[in-house]
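Each remark here refers to the structure printed beneath this line.
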Amino acid sequence: MGATVTITLPNGDKKDAPKGISVLEFVKQSIGAGLAKAAVFARVNGAEADLSRTLDDDAALQIFTAKNPEALEVTRHDAAHIVADAVQRLFPGTQVTIGPVIEEGFYYDFYREKDGKPAPFTPAELEQIEKKANEIIAADLPFTRSEVSADDAVKLFEKKGEKFKVEIVHDIVAKGAKTLTLYAHGDWVDFCLGPHGPSTAKVGVIKLLSSSGAYWRADHTKEQLQRIYGISFFDKKALEAWLKQREEASKRDHRRLGRELDLFHFHPFSPGAAFWTEKGTAIYQALSNWMRSLALNNGYVEIKTPLLYNKGLWEISGHWGKYKENMFLVEDSDTKEHDFSLKPMNCPSHHLFYGFKKHSYRDLPLRYHTQDVLHRNEAAGALGGLTRVRQFAQDDAHIYCREDQIPSEVAKFVGLLDRVYAAVGLTYRAKLSTRPPQRIGTDDLWDRAEAALKTALESLKLEYDLKPGDGAFYGPKIDFDVSDSIGRKWQLGTVQLDYNAPERFDLTYVGEDNKEHRPVVLHRAIYGSFERFIAILIEHFAGAFPAWLAPVQVTVICVADRQLEYAQKIRQQLVDKGYRVEVDDRGLSMQKKIAEAQVGKVPFTLVIGDREVENNQVAPRRYGGEDLKAMPFEQFLELFEKEAKLPPSH
RNA sequence: GCCGACGUAGCUCAGAUGGCAGAGCAACUGAUUCGUAAUCAGUAGGUCUCCGGUUCAAUUCCGGACGUCGGCUCCA
């Protein structure tokens, strides 16, 4: 009799099985053939494992099938292997690098050259690869796992001529790994942590999405690689649903809605700088006014500083050395030298401003708010819509405070940011970035700075991701990310601690002890930039803004022209209160005008006929079609103002 | 900046192997004055992004520039 092991299932059941049985065999014998067939991978004592893993000790076992989202990640990793296999079958000599699962799908980076030059995959080749990959799925090749020594792994990949894999193996060995795991399906082998599904057939269906350039190790001085993006689903139906959803999401794209709703334009003569229409400007101004009120009501002062500066400033700030490539330089017409630059950030000008006066500890914290225009010379290939532009304005502020004031300042800021995002319904993800290897300041200082940020996040019960080593060289920071309609993440808000700038600019305050001390600076923004924030809001609301943000808040439509005079009176009363109202007096049918108001996503349409004129009423209709029925104008006003006023700023 | 795709009317898109350029919507004109999602008729609109080259002939083929899009990198 062989030894037995006791396996505990998620529901608490315990089952005995012969020691050394595979997970799959155990499931088949002790749970059921159906689950065995559906299984993709397992967790043994919480650790991910292949179904072929043997059970050598008592363990807790959990089986994952297509019903678990985790299983899709595993099969997408399978899919990456399959695509790499397909590429190497079709294009011998192509080298493989890495192929991770990403949020939506996976990618695989290849190195391929022709005549010494990088050879990108053409759309036709992608089709071939996709076809071949799905053939590999149909072939139902089992994935097999094996362990080899580091030496054998190096030999294996050297023999195959896979120099990138060899490099990765060396890296892993340098980190202390003794053995490596290999995964093979058919003749194709890659080394990989796993787990993988039982066979290629489990992957379902692979769809390749795009190809693009990427650099080995994300370093543009290294080899140019060819990246193929793809996604897989357990069945065609799920793939089709995903494609459809993607099409829906693209209808919310701010670039598309910006055109359809006539919010902004771009012109080749000023790439990366928006032309805002009167409608786009209305949104911009509403956000600007709201942020101004929020700032002024929360202890900030608003200041304005120049846009153009002599390079002397950038030499002090360090931008001339580290950021010059991103700055627009301006030639002085006398000296013919590029002695001036448009400001890419507000901080240096605020530091100069701080220095205009001698400050007492009683002045602190001192909070300067600014909405000035900034210019950054972004790489041409990086521009896109409103999310990445060359000219923009931040809802910027710099807080000058004593070190002991940092925790409360950070907490106040994060609280304010949370209120702003909540008011527009945005959900965000906070990221705390801590000390990088290259940094200034003592460890003690960093300990305190990081603790201050952490405390603020925890006091607000905010979940956050920790990004060790991602902070700026002068201090740690918290970034706030929001996703756009196609799932790309954008940084909006940020708060950064800065111990460096006060040194560089020799900023001081006089303390209680009558001696000079260094303040600390907090850089912070909530919207991030108006441009990017508006882009995110357009997508978030799919263009149907709440009344307070909508470019046109009310459209007044008459049943016949004889009611126009009354309609104008209604409009005037609303305009006098500061609202954005239009009367559609074009010679179109009423139905057509209503249709256009809906297409324009105007929050309220007021229909005026003889009955309304007679009774001093309006007949409001909401965007989307809800008919509120005729009511006295005063009653509408009350209802409307609740939604059309800026959100609270206290 | 790098890799790839793309650039036809204000917008969305057709089009031909290299031989007079097409639709819908929008615009304009006229008629229509209508009770909650699109009234009818007509008119106008184009150096087919730009600059070179090949050709009897280029919007179409080739090269370059600019821009847009998807990535890389960076960041708000």
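Nothing here was measured: the structure is a model prediction, and the numbers come from that model. Order of the sequence lines sets the chain letters (A, B, ...), proteins ahead of strands, with each chain counted from 1.
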task: Using the side chain to side chain donor-acceptor pair (under 3.5 Å) rule, collect all pairs that involve residues 524-534 of chain A, keeping only residues at least two apart or in two chains.
output: A:Tyr284-A:Glu531, A:Tyr300-A:Arg524
Ionic contact status for A:Glu247 with A:Lys244, cut-off 4.0 Å: no
statement: ring pair (Phe, Tyr, Trp, His ring centres under 6.0 Å) filter on A:Phe91, not counting sequence neighbours, yields A:Phe121
Scan nucleotides 41-46 of chain B against the protein and return all N/O pairs shorter than 3.5 Å with their distances rounded to 0.1 Å.
none

- request: Taking the six-membered ring for Trp and the single ring otherwise, decide whether the centroids of A:Tyr400 and A:His351 are under 6.0 Å apart.
  value: yes
message: Walk along nucleotides 2-12 of chain B from 5' to 3' and tag each nucleotide B, S or - by protein heavy-atom contact under 4.0 Å, base first, then sugar-phosphate.
response: BBS------SS
- line: Counting primed atoms, P, OP1 and OP2 as sugar-phosphate and everything else as base, the B/S/- map of nucleotides 30-36 of chain B against protein heavy atoms under 4.0 Å is --BBBBB
- prompt: Can you name the nearest heavy-atom pair linking A:Thr434 to A:Pro468, along with the distance?
  reply: OG1-CA, 3.1 Å
message: Among B:G1, B:U68, B:A76, which nucleotide has an atom closest to any side-chain atom of A:Ala379?
response: B:G1
- prompt: Hey, is the main chain of A:Glu612 close enough, under 3.5 Å, to the side chain of A:Asp610 for a donor-acceptor pair?
  reply: no
field: Each stem that RNA chain B is part of, given as range with range (3 or more consecutive Watson-Crick or G-U pairs, under 3.5 Å)
entry: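 B:1-7 with B:66-72, B:10-13 with B:22-25, B:27-31 with B:39-43, B:49-53 with B:61-65 - these are the stems of 3 or more pairs that involve RNA chain B.
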Rounded distance in Å between the C1' positions of B:G53 and B:C13: 31 Å
- request: Decide yes or no, distance alone: a donor-acceptor N/O pair under 3.5 angstrom between the base of B:C75 and the side-chain of A:Arg388.
  value: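 Pair found.
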